[in-house]
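This report refers to the structure that appears directly beneath it.
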There are 2 protein chains.
Amino acid sequence: MTVTIKNVAKLAGVSIATVSRVQNGVGQVSPETKAKVLAAIRQLNYVPNRIGQALQKQRHGALGIVFPDFSGPYYGGVLLGLENQAVTAGYSVLVLATHRRQESARLITELSSRVDGMVIMDRTVSDSTISAIADSGIPIVLLARSAIGDLPSVRSENQIPAIELMTHLTKDHGYRSFAFLGDPQIAYDVTERWRAVNKVAHEQNLARPKLIRCGYRQQDGYQAAQKLLTQGTLPQCLLCANDEVAFGVYQALRENNIRIPDEIAVTGWDDIPTSELISPPLTSVQQPTQQLGDLAAQKLIQIIETENTRLENDVLSSRLVLRNSCGCNH
Amino acid sequence: MTVTIKNVAKLAGVSIATVSRVQNGVGQVSPETKAKVLAAIRQLNYVPNRIGQALQKQRHGALGIVFPDFSGPYYGGVLLGLENQAVTAGYSVLVLATHRRQESARLITELSSRVDGMVIMDRTVSDSTISAIADSGIPIVLLARSAIGDLPSVRSENQIPAIELMTHLTKDHGYRSFAFLGDPQIAYDVTERWRAVNKVAHEQNLARPKLIRCGYRQQDGYQAAQKLLTQGTLPQCLLCANDEVAFGVYQALRENNIRIPDEIAVTGWDDIPTSELISPPLTSVQQPTQQLGDLAAQKLIQIIETENTRLENDVLSSRLVLRNSCGCNH
DNA sequence: CGTTATCCTGTAAACGTTTACGATACAATC
DNA sequence: GATTGTATCGTAAACGTTTACAGGATAACG
């Protein structure tokens, strides 16, 4: 059914070696045979089988990326950046979302046997699994994840903008009580932010911010806020793990006729496009999502192609964006 | 460096055939040798090379999906559904975004040589390229795309909700002049909606809706609305190709102090989570994005595994969601 | 004409699997 | 003891490619 190099060779009346040479433009081939082979290739619509090539070349020509899941603009941005770089460099992209599946380890290990290198995001799988894969020889770049051994990593800055944000909220607006909506155990970025928030609160002798554990979708934020509303007195400011959670919080507060920022302040993280538009505009922190994917791909490809395993950890800067939801006049 | 079946065989003191048998649990193998082999596998941390398997089995164990790009929750939902089904069925997922690249045809053809089947969305590549790939024998499912030959397809309903929407806007609210923001030449879904809109307008003896060509991101909607604002009298209602475009329109109208829906009505499409939350809440049409991915994957896998090329075209239903932005009291 | 260099092309091995087939050993049956 | 059957395991081919190597033809040179 499918046409192989043999079919082409037979049709052109040459050996498969010659077909391969023509196809790849290597070695010596006379103009006449070259023409014959090209004609045969065209006639049969031959495309080389990537598996055969991969087996021979010991290269898959593919990169893998492991997401915790795909929801939201953050992951979309990362994927976009990564895919773009990969395709430009001639690689295909395999995606895997772990979704907290039990079998994540198996799936990731399996994925590792069909790519030349992989980017692993966040808390998708245990450190030991990653180490095992790295030991087996395939390059790994960690993305928005805590360090493992000396594996290279890419992440965005969390601590500095989190401190900036908290300082702004306490110093400029005078808020003294906080709640944090998110799950520091799931995402590394959130862990860092949660730590920074606590640090500032402690330094300023505030009560420990209340942690409301929730997922990262709008719906999760909605539920978390509702839960918070049943728990008696509200804090002065709600720090949300990302903008979508903040949107859910908006929803719950609106339903309860609680005004932002007059009665309570809300902040997000990621600065997705809608945050500027929503009412009131959401104070957030801009992350270079696409650049994260870009950089991870570049780094990975560099390691694959130059075998340069120099351990570099890149941190991209994030920018605090103040808007009306924290009490500012923007 | 990487450990192959040979290494395992040597360590266990058996032939590679036996290792394969143990690994796959087929054929007869005595308990003792089985134990030896398993010990060796564990000790060396052996995972079978997918390429070797693929070459032998003549199956890649992978599905490809071609997007026009990744922006927005729509594509995220589709990918999520597709990936989930694929992984559950034991397939990996390769993604490719064409981004209107010149070389799309080459990239897609190349992709086709490393998957067992592929899902092709929208206007990502020419019909002839797709036909050529289909002719070469690999199964294809079209997603949200116009029909090609008798290739199976999956899409969501556009015409019915578009007519419903237009009927509502004209009959219930009495709007007589419209503009449509989007690009019917890019997305098939949008083509269908644009046609339906025109049909209703014509039936009701309205002026032909004005087409403002723009992309599908918030920013595109913003620019399109600004352009519209410089063109003299505004229509009574703006029909946006998706919710993100509508968000951009909101932004532009707000900057010009034009109130929605009092001075102008706005509608979107997709009903993304934020649309309920934004002010005013956006009238939109709910599409089952995840289900689209689900179904496409299921269909593709079925074709691959049963060679059943029965030509079915599935149309998932969409639901009109009326909110305040069109003038309703919701 | 003999030697050598150059150009072209074919042969065969290798990549890592799976699996049909055959070989061996041993038990069971007559 | 000869025959047959069964359980186990190894040999080798096959999948589609690339490429080192060798071989043959032709041209160049003495």
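Letters go in sequence order (proteins before strands), and every chain restarts at 1.
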message = Atom CD of residue position B/Glu103 - does it have more than 12 heavy atoms of other residues, nucleotides or ligands inside 6.0 Å?
response = yes

query = Would a distance-only check, ignoring hydrogens and angles, find a side-chain to backbone donor-acceptor pair under 3.5 Å from A/Tyr91 to A/Gln85?
reply = no

query = Does A/Lys34 NZ have over 12 foreign heavy atoms under 6.0 Å away?
reply = no

request  = Go through B/Ile304 and B/Arg59 one step at a time and tell me if the side chain to side chain contact (heavy atoms under 4.5 Å, CB included) criterion holds.
outcome  = CA-CA 10 Å; B/Ile304 293 171; B/Arg59 301 272 305 305; 3.8 Å; yes

task = Indicate for each nucleotide in nucleotides 10-24 of chain D, in 5' to 3' sequence, whether protein heavy atoms under 4.0 Å reach the base (B), only the sugar-phosphate (S), or nothing (-).
result = BB--BBBBBB-----

inquiry  = Quick test of your reading of the model: are A/Arg145 and A/Asp127 salt-bridged, counting only N-O distances below 4.0 Å?
reply    = yes

task = Could you tell me whether B/Arg106 and B/Glu110 make a salt bridge, using a distance below 4.0 angstrom between a side-chain N and a carboxylate O?
result = yes

key: Side-chain donor or acceptor of B/Arg114 paired with backbone N/O of A/His60 under 3.5 Å   = yes

query = Can you list, by residue number, the residues of residues 28-42 of chain A that have a non-hydrogen atom closer than 4.0 angstrom to DNA chain C?
reply = A/Gln28, A/Val29, A/Ser30, A/Thr33

